[in-house]
Amino acid sequence: MKSEPDVFSIDDLKKARVTGWEGVRNFQARNYMRDSMKEGELVLFYHSNGDPSGVAGVAKVHGAPIPDPTQFQKKHEYYDATSPKDDPRWMMRQVEFVERFDAVIPLEVLKADPKLSGMPLLQKGQRLSVQTVTPAHFARVLELAKSKTQVVKKGVSPS
DNA sequence: GCCAACGTTGGC
DNA sequence: GCCAACGTTGGC
């Protein structure tokens, strides 16, 4: 699941502990949340438009699908006048904080890893904010998160 | 800020 | 049902 860290970061999730994944207005992403996710499943938390962009931690699916409340809030930027109250168009999941990685695993590192080849996140042009991860890819990302030999991006000073 | 890639909308 | 126009995403 992707979020812009300026808007909602892994640290924000840690503070909140549980949050509703509001604002998804893409049908495929909605379908993944509504139909594919199972309660208790783990989620990679991805920072998009980050510095760097990459996987920042792990969350897990909390509870059943529920209607995204913002679709009915007139003043809200995610308001959708066409969504019927008795049959909400936009369903979301709640996610619970699990883990914050010591460092974001940069997109560049993910792309360079042969074991992650074919991962949907890494496909050119994909923009889905919610997408699938295979168990093997998931395990590999966790491995990278634990690895001390993680490639350090050139030109980034240590802090 | 730029721009490629993509989803959605709406005219026909 | 096609497709141009438009808006958005997100890396860079």
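Just so we're on the same page: letters track the sequence lines, and every chain starts at 1. Remember, it's a predicted structure, so these values are computed and weren't measured experimentally. The figures here come from the full heavy-atom set of this structure, side chains too, leaving out hydrogens, waters and symmetry mates.
- Checking side-chain atoms of A:S53 against main-chain N and O of A:N49 turns up a donor-acceptor pair under 3.5 Å.
- Residues A:R93 and A:R34 are not in side-chain contact: their nearest non-hydrogen atoms beyond the backbone lie 4.5 Å or more apart.
- Nearest-nucleotide mapping onto DNA chain B: of A:F27 and A:K124, the residue sitting toward the 5' end is A:K124.
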- prompt: If the sugar-phosphate is the primed atoms plus P, OP1 and OP2 and the base is the rest, what is the B/S/- string for nucleotides 5-12 of chain C, using protein heavy atoms under 4.0 Å?
  reply: --BBBBBS

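- Qualifying side chain to side chain donor-acceptor pair (under 3.5 Å) partners for A:T132, counting only residues two or more places apart in sequence or in other chains: none.
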- request: Please test A:L116 against A:L144 for side-chain contact (heavy atoms from CB on, under 4.5 Å), starting from the C-alpha separation and ending with a verdict.
  value: CA-CA 11 Å; A:L116 293 179; A:L144 290 174; 3.9 Å; yes

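- Between A:W21 and A:F45, the distance from one ring center to the other falls under 6.0 angstrom.
- A heavy-atom distance below 4.0 Å to DNA chain B is reached by none of the residues of residues 65-87 of chain A.
- For A:E96 and A:R17, the salt-bridge test passes: some basic side-chain N is under 4.0 Å from an acidic carboxylate O.
- Between A:W90 and A:F72, the distance from one ring center to the other does not fall under 6.0 angstrom.
- A salt bridge between A:R25 and A:D80 is absent, with no side-chain N of the basic residue lying under 4.0 Å from a carboxylate O of the acidic one.
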